[in-house]
Structures are given as C-alpha cells and as structure tokens.
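In what follows, a structure is listed as structure tokens, so that the remarks can point back to it.
If you're wondering where the values come from, they're calculated on a predicted model, not measured in any experiment. Reminder, nothing fancy here: chain letters follow the sequence lines and each chain counts from 1.
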Amino acid sequence: MSGVPTPIYTMRNGSKRFNGICVVEGIDLDVFPNEIVGIAGENGAGKSTTLKMIAGIHTPNAGSMRLFGKSFTPTSYTEAVEAGISMVFQEQALIPSLAVYENIFLSLEANFANRIGIVDRRAMIAVSERHLKDLGLDYIDPCRRTGDYAFHDRQMIEIAKAFVLAEHCHIDHPIILLDEPTAAIGERQIKILFESIRRYRRRASFVLITHRLVEYVELCDRIYVFKDGRNVGEFAGEQISEQSLHRAMVGRARDDEYFMEKRQLKLEGAPIAVSVKGLSGHNVQNVSFELRKGEILGIGGLVGCGKEAVAKAVVGFEPFPPNGTIEVGGEALPLRGRGKAAMLRGMGFVPKERKTEGIVPYMSVQANMSLASLPLVSRLSGFISRSRERLLAEKYINRLRVRCKGPAQLCQFLSGGNQQKVVIAKWLARKVQVMVLDNPTRGVDVGAKQEIYGVLRDLAEEGVAVLLVTDDLPELIGMSNRILVMREGEIQFLCNAPADNKPTEQELVQHMV
Amino acid sequence: MLEASVVGRRDSELWRRAITIVVFTIAIISFGVAAPSFFTIANIRAIELSSSVLLIASIGATFVILMGSIDLSIGAVASFCGMLVARLAPDLGLWSVPIACLVGLVFGAINGLVYVYLRIPSILVTLGTATTISGAVLFISDGRSLSVSHAAVIDMAQGALAIMVPNAVLVSAGIYGVAVLVGDRTRFGRMTLAIGSDEQVAALIGVKVNTIKIQAFALSGLLAGVAGVLLAARLGSATVTMGSYMTLDTITAVVVGGTAITGGLGNVRLTIIGVLFITILSDGMNILALPPYLQTIIQGTVILLAVLLNTNRASAEDVK
Amino acid sequence: MSNTWYEPQTTGSTAGVEAKVQIAQFYNRHRPIINAIGPLLLLMAMAAVFASINPRFLSWINLFNLMRQSSILLIVSTGITFVILMGALDLSVGAIVTLVAISSAVLIRDFDVGAAGIAVAAAGIGALCGLVNAALVLRLRLPSFVATLGTMTILGGVSTWISGGANVFFQSPNLTWIGSGSVIGRIPNSGVFALLIFVVASFVGARSHFGRALFAIGGGGLTARLSGIDVLRTKAAAFVVSGMLCGVAGLLLVARTSTGTSRMGDDLLLQAIAAVVMGGTALSGGSGGVHRTLTGVLVIAVLQNGLNIAGVHTYLQIMVTGLIVVLSVTITLDRSRLASIK
C-alpha cells in the first residue's frame, strides 16, 4: 500500500447530449477504494445521467473513463457489470415472479449451463445462499419468489446481486451505484440500509444519489455537487454539511425563510373544518383530531405508522380504515362513495405517487388541470369548451409558475416539481376548502419545493384547512401550525408549532421510534 | 405481516390448483356415468390422440403467452402445414413432414420478425398473418379437402411403436418433456418469463429481448406446424380450416393450466392440465351428443371460468 | 424524470447515431403532421394504383358502393374506439354483429316485427351484450381481452343456436330501403347513417365529459379515480356503447343482404381493430381519438373495394388483405406510447 491511494474509477470531461441538448458536460469524477461518494444536485442537474454513464446505460458523447487502471468504454449495462460496476435501481431491476437466486443470476445462466444449455440449479442456489449469508441477509431464502419480499428487502437483494456478480466476474472490489435508494423506504429501513453500506464498504466502493441532503452528510466521504449538468464543487470530510451542500447546489443559503414561517397564521378560535373521531382499522387505532380553517396540520411518523392511511380515510381513497367518523363542515362523510362525497364537500387530495395517482401523463397540462372540475369549463350542454379550459389552465400556470411550453404540452414532459404544481392546480381550480397532501415535495427539486410551500401558505391565508402528511422532518416542522406524531397506528404526540417556538427534530423523533 | 401475505398467496395458489383438479375429476366421473362408452379403449385412444395434437401447439403458445404476447396465427399455421403435407406426401413421401414443419417455423419467425422490428403489437401481427395464411391454405388446396395418401405419414400419428400408445402420443410426450426442461432450466425459459414480467428490466439486465421474442414466436410457429402435420396424419385428410380450432383452444389450455394471460407468471409444465381438461371436456360433450352450439357456449364459459380462477386480478378500476 | 429510465443502446458509428438522432428529432417535431398525413398518403397511393388498374374505381357508382361497404365497418370501428381509448379491448364486436344480424333476421321472419321494433331490438341486443362484457370485466374483474374472447365464443354459439345452423332469409322492404336505398340523391342511406354516427361519436369522444373520462382512464386509471371520475360507470358505458353500435351495424348488415348467415360479422373484428390502430389510437389507451378512426376505415374499405374491382382472385384477396393490414399498421401506428410492445 502506497501513501497516496489511486482512484479505481475516473471520469474525465464526461459529457452527454440527448437529441442535441446537453445534459451533462465536462464532468470529472473519481472513486477511491472503500469510498462512499455522493453526487448532489437539484433535479435535472445531471446526477442520474452521470450515474447511468458510469453504468454503461448511457454512452457518453465525449470524455473518457478508466476503471482499475484500464480504459473503460461500456456499451451496455451488462458490460459494466462484467467490469465490476453494478447499479441498484430506483425502480428496481428484479423480476418479481422469479426466485431470488434466479434473479441474482438472470442473464448469467450460461455460466451454470452444461453443454446443451441446461442450468445447474443447485450450484446457483448454493452460491446465492453463501453470499446472502456473508452479507448478513440469511433471512432471505434464495428459492423464494422475489415478489414475496418487501421493497427494502428487494433492495438488499439487489446489493447482494452486485456482490455476486462482482465475484463472478473475478472483481474483488466492485463499485456499487445507488440511485435514490431511500426514496421509497421508511426511516427504519434507511437505517438498516446505511448500516449495511457502512459494513460492505470494506469490500466495495459506493456512489450515492439521494434527494435528502442529510443522508449525504451522514454517509458520504466525499461529495460532488452538480448544477445544470456541470461539476460546481467537491466537498470532503469536515467541509460536508447540509448548509454548505445546499449553498453550492442552489447558490443561496438555507434559512428560516425557506418555509416562510413568518407567514404562519395564529389561529385562536378559528372554526373547525374537519374533525376526525375514532378512526380505526388497517393498522390504525383510534385516531382523533381536529383541523381548523387556515391551519396547516402536519402528521409525521415512520413509514408504516399509519399516517398515509389517515389521509386516505379523510379523502376516501380506497382502501382506507373503515371505522370512525370524519366530519367535514359538521356533516359526517359516508363510508360508501366517500371519495366523491369528500370532493363535493370541497376537499382536494395531492397523492403520494404523482405519476400514477396525480397526473395523467399522456394528457395535456390543461386537460389535467380541468380533470376534477369539468363542469366549470363546460358550456350549458355539458360539452367541454376548449377556450374556457385554456383560460383556466393559463391562470394557474401563471399563478403557480408552472414551467411548460403552454397549456397544450403533455404532462409527461414536465419535471417532477412542475407536475406536482399541475396536481395542485387541479384542486385549486375547484376552490377547495380542505387540502390533503401526502408527501407533496417528494422527488421535487429545491426551487419548486419552496414554490409549493408558498402555495400552501397562500391557501392557509385564504382560510383553507391543510392536512400535510410528510416523511420530511424539516418540512413537517417548518410548515405546520400543529404537529401530530403517529406510531404504530396511534397518535403518540401532539404539539403546537408556532412560528417563534418550533419543536426540534430530536423532540419529534423520540416520539416516533 | 409479510409472512401472512406470502402464506396467503401460496394458499390461494394451492386452492386454484385444487379447484382445477377437482372440477377435472368431477367432469371425468360424470362423463363416465352419463356415457358408458366414455371409458372404452377406443375413446381413451381418441382422447390421447387429440390431446397430443393440442398439447404440441399449446406448448408453443405457452412461451409466447409467458412473454405477455399472444399468437393468434396458430390455427392458420396448423391448417397450412397439414394441408402442405397432404399436398406434398404423394410426391415426397415422409420428406413432406420436415418440410411442412419447417414452413411452420418460417411463419413463426416471420411473426416474430414483424412483431419485433416493425414494432406492431403481436395481437395485430398474428391476426394479420393468420388472415394471410388462411388465404394461402385456400390457394394451395383450391378450397378443397385433400386426403393424406402416404401410409408412412399416416402411421406417424396412428401407428403404435409401443402397444396401446399411438405414435402421436410418443411424439407429444417427447416434445413436452423437452419443453418442460427448456422452460425450467434454460436461459430461454427464464428470459421469456423475465420479458413477460418486465420487459424494460429484462433489457437492462442484458436479456436479448428481441432475439428471445423472435425465438419464442418461431418456436410457436414450428410447434403449430408439427401439430398441423400430426392432425392431418391422424385424420387421414386435410381440410381448409381443420386447425382453426387450435387458436382458441391453445389459449384456453394455457390459461386453464394456470399461466397468466398477462404474462410473467406460469409454467409450461402446467399447460398439460389445461390440454387434458379441454380435450376431455369436448370429447365428453361429443359422446353425450350435445349440439355443437352448446359445446361452443360451454367452451367460452370454460375460458371465462379458467381466467376467473387463475388470474391475479387487479381491482375493478385497474383491469384493462 | 421520464418514464423510460433506460436508453436503448445504439451501437454503430457516430455518424449513424447522429443521423438517427436527427431523424428522431424531425419525427418528434412534426409527429402530429406525419401521423395525420401518413395514412392519407397511403390512401391516395392506393386509390391511384387501383384507378390505374381499372378506371371504374373512381366512378360515382363505385364511390357510393365504397361508402355503402365501409359504412358497417365505420360504425363498428367507432364503437370499439371508445373501448380501446380506455386501454381495454373488445374482441366480441364481430360476434355481436353476427348475433344481432341473425336474431334480427329471425325476429322478422318468424315474429314479423316491424322496422322500428327491429331497430330498437338490434340496438338493445347489442347494448345487452356490451353490458355482459362490462359485467365480466368490472364485476368479475377479468382482463377485457379474455373476457371478450369468452363472450365472442359464447355469442358465436348462441348465434348458431338461434339460426339453427342454417341461413335465415326474410323479406322486409323497409329494412332493405334503410340498408340499400338512398334519400339524398344517390348517396346510400347506410353511408349517411354511418357518417352521422361517426360525427356524433367524434364530438362525444373529443368534447364530452364521458370522452375526457375515457382518455383519463386510459392514461392513468388511479388519477382518474382520485380526480372524482366514476371509473366503473365510464368503463361500463364504453362497453355498452361499443355493443350498441355493433347492434346497429349488425342490423345494417343484415338489411343489405336480407339474409342472416352464420359468421357474417366475424371478419369485422380484425378490420375494426386494425382501423382503429391505423387511425392512430394506441392499443394501450389514453391517446388517439374517435375522429381518427375514419382514415383507418377508409384504408381498409378502399383496399377491399379496389382488389375487387381490379379483379383479384378471392383467395389472393384474403392473403393480400392480411398483408396490407400489417403493412398499413406499420406505416401509421403511433409508437410514441409503446414503451414495450406486447
């Protein structure tokens, strides 16, 4: 071992264009042995593209890559895997109906096949078993169907797969790329994942992308910050902090202004908009609370604590906990057809899964915005008026500053933050009285996030009651008038969060776990 | 909670198998009671013969359906290949058999190539080729039936190497054995399943999606051809639409066997259950002399019931 | 982040890649125009070929004939477009047409039902079949592809049962007039009728709440539900509309020939699906439109009529039809929605 370690992977001047549009340009990136490297940046900064260039999924238009001292020009993901790089995909690249071991060796069966192409199942199972055990995953049965395991277990299977593949290709020190591994798992699973990564780093290097700055701070040895497809900073060791990263990413410091806490209303004696009594079922027990007009009520808790189920019950998004009553404006919502009834009482819902629950990707911005309020844009006979629809869309595109080519652009081409604004506009068009939001800023870049917070403040000032369910602690604390913390289906803790006296993250977390 | 859901799924799968087998047994027993001739050697032989033809065609269909695609040209290909054998046998003798099977392979490969490279949904491709091929059958036969006049060809289906077991059964058993091995233990088997489950993921992992798709359709065409040849040999003659029943029957057999019509879930091994089920059903209905329209209606109902039993159904709002 | 998170590998020279990129850019920029003009060019090319083979192709008599022939396909295709728009499939359309045709024939022959009664009965039987499909898909939650495959088989059996397996001849001057007569000049009634249905359906598809709901369901069912759209009712309505229009088509079909024959409508299935897809409505649902189906119908009608007029042998005609359907789908299919083609 020499004093100065040499990088096992380098990218010099990496550039990628799609249809002539430059996505990343002039990226320099090194990965050292046993290192955890982060790539931070806003949405669209080119993080994912860079990761996919490393993994051979995108071929760079310019630049050079070296791996283990040799020139590295993969033309497919398989080639990158064979060279010692594997990726844990956000959307998961596992086939649910195949057994775990079959997934691990998918596309490598040839190595276990005899002359006529019949594969040796026992050998495959044995190798998988050994690796799962080595990685401390002995609770995963290689013969069981992959789809039977929960999301976070499948993630671990993907990591295990990376090690198996590396060994298989005679690589002792693979590079494992993690593309937003924490986007869909809860705090507890995140903890387990991070512990595993720290344990596995003795045998591998990691490159990480995540939406949560705190995770970079917690995990990474070195962080590259990207902005608009370029490398704008490199942080290591002591330099790493949320503030410094954030400043480099967006070019402005993060402060209390972010959540516009000064605009938080004081609500003494405001009328009650929604009252939930004794909500039970679906792992939720006896949840009761009241939501006042102009109030932002935050619900926090670990994944699986039942906070989403509460939101679902309030807006009638089936399946939801069936027992208990929910009164809106003094009248209880029915059990059957609750979704429709909730809408008629002026409720809006911004769901968690934007692409499948929030927007219709193949419809235009204007059609998406008018989807919940068709009668408003129709003529007497009940037929949609294009001009009215367009006017409505233009109004909300301006008000929410939706970045799109125009009302006729298809929603699928909008960025995550702008899609979310379309979802919000859909409900604003109905003049909602109650707005329920489930993780409204998940996968949304920092700039759009703040704009969404601004809209929520506007709504509260107009007297709309806002129920905000979120996994993001700073958001929960910064936005809410009151905070409910749930644990294992029950309300564990309720506190006021006035602008001048916000609870700390530690205070809330102790009630969550 | 996870454990519970896993166990639940296993249980429901067992239940479905059990229900299929119970219904199956009840059907056999009731046919036997209602028609004494059901359990005669002649009838069992007839069942053996017709199920072996259908089994061969259904094996090809299984791989295609596992990929989430569909092959609606199986009937037309089978008719064409049967007709081709009848047409060529007088001149070429046994050589007409491999030629006809090869033509089936070519038809299947064309399906696959058009599907993959022209990027047209398989249901449209195979509907189109089915039309074209059935036109071609009319063309080579001039719209008439032909008898298969070559003894060796007929012997291929009707003769018996082993006592009591017609050759056609041996052929189909052999093909079935190989297919089960291919489905369970080879790259190709895994890949078809992977494609049916999630094509993009499969492509990413390094599955040669296009190649596998073409291979699966070519296999389906080849096996449809073999089935058509065997059918002609079994019947001793070829008619213009003799194979057309196979298109629907193969799909029914595959689904009754327990393979999801949406792909990604199932197994070649299971298909034999479906084949036996519908063969015995239609044979029994024939023996009971049910009118043809009633048989058709019952068959349609069986398709619906089988899917009802064997599909992991989404919520009503999500079904497409 | 886009839906397709992988990028298909383009191996080969950089120049080739650049060219491909340029073609792709050009296609993306002008896609609406290309998709609209493609089928029209195809139509004109076919018309030119047929007219050069036999000048009679462009005569008024033949054009009216063409209109009469395509009217039934147009009605069926219009109906099935509603179903395809929401991402489902109705394979029973041909069987419904046959069933309605045969049962209308039987009703007239044996029960002497009048023209008005028969029209109501035809639309009613069709709607009922659609309702059965809807129940199977929505109540029993079967994929529409298999559910309608099942009803297709069952309805085929029912048709044979009703007709007794024989052709059903009948005489009804009123019905013959509807099917083959003409009110406006020499323009055939059936053609006028079909166009009327098509125009109304196009408007409903593009502008009504029902049409918008179909697009939303085809593009994203959960979003539609969470936006307050009654997904079940909309889906059921689409199947019923499809069935009802098949009923109307079945009546027109049998009115033209005064004979109910078994399987008389079965060919319409392939043609209707092909016409819808050729028009540019994606089989995956959510994009396209009812109004676009007309081009697809015209391509098929011109093809059949032209082959007839050109005197091509019947067997060859069948072969060529299959080929050209595949070919024209190749040219006109809107592939932008087909991330993975099944």
Side-chain angles (χ1 to χ4, degrees), chain A residues 17-20 43-44 48 52 56-59 61 75-77 89-91 93 179 315 317-318 337 339-340 342-344 349 351 353-363 367-368 370-375 378-379 381-386 410-413 415-416 423 426-427 430 443, chain C residues 1-12 14 17-18 20-29 31-32 85 87 203-233 282 284-288 334 336-337 339:
Chain A
R17 293 190 303 271
F18 289 118
N19 295 331
N43 261 15
S48 268
K52 284 174 184 168
I57 298 165
H58 293 333
T59 314
N61 295 93
T75 56
S76 73
Y77 177 59
F89 293 93
Q90 198 183 342
E91 291 91 348
D179 187 3
V315 297
F317 177 11
E318 287 168 21
K340 192 87 188 168
M343 257 183 77
L344 290 176
F349 179 45
E353 303 294 334
R354 183 168 52 242
K355 276 182 198 140
T356 54
E357 298 169 355
I359 58 160
V360 182
Y362 304 107
M363 289 203 324
N368 266 293
S370 67
L371 198 56
S373 45
L374 287 178
S378 299
R379 301 219 179 267
S381 51
F383 283 93
I384 298 163
S385 149
R386 292 255 164 95
L410 293 190
C411 247
Q412 76 182 119
F413 299 121
S415 74
V423 180
K426 177 168 78 181
W427 297 110
R430 273 184 74 83
Chain C
M1 229 164 281
S2 70
N3 264 342
T4 46
W5 44 280
Y6 75 108
E7 182 200 18
Q9 282 301 317
T10 43
T11 45
T14 342
V17 172
E18 287 295 315
K20 264 191 179 170
V21 166
Q22 279 179 0
I23 292 170
Q25 273 178 328
F26 179 83
Y27 178 74
N28 281 334
R29 206 174 305 138
R31 199 174 69 207
L85 267 182
F203 190 69
V204 167
R207 292 296 193 79
S208 72
H209 296 184
F210 170 61
R212 182 59 64 83
L214 283 181
F215 275 93
I217 292 168
L222 258 180
T223 306
R225 161 146 76 103
L226 287 176
S227 302
I229 287 169
D230 193 332
V231 176
L232 293 187
R233 198 179 293 171
S284 41
S287 62
D334 179 4
S336 59
R337 280 284 320 275

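- Contacts of A:Ser370 with chain C are made by side-chain atoms alone, with heavy-atom separations under 4.5 Å and no backbone atom involved.
- C:Ser227 approaches A:Lys426 most closely through the heavy-atom pair OG-NZ, 2.8 Å.
- Listed options A:Arg430, A:Lys340, A:Glu353, A:Met363 were ranked by heavy-atom pairs under 4.5 angstrom with chain C; first place goes to A:Met363.
- The nearest pair of heavy atoms linking A:Cys411 to A:Asn368 is SG-ND2, 3.4 Å.
- Looking at A:Ile359, only its backbone comes within 4.5 Å of chain C, counting heavy atoms on both sides.
- For A:Ser378, the side chain to side chain donor-acceptor pair (under 3.5 Å) partners two or more places apart in sequence, or in a different chain, are C:His209.
- Of the residues considered (A:Ser385, A:Gly339, A:Pro375), A:Pro375 shows the highest number of contacts with chain C, using heavy-atom pairs under 4.5 Å.
- Partners of A:Arg386 by side-chain contact (heavy atoms from CB on, under 4.5 Å), not counting sequence neighbours, listed by chain and number: C:Ala206, C:Arg207.
- Contact annotation for A:Phe349: only side-chain heavy atoms (C-beta onward) come within less than 4.5 Å of a heavy atom of chain C.
- Ring planes of A:Tyr77 and A:Phe89: perpendicular class, angle over 60° (limits at 30 and 60°).
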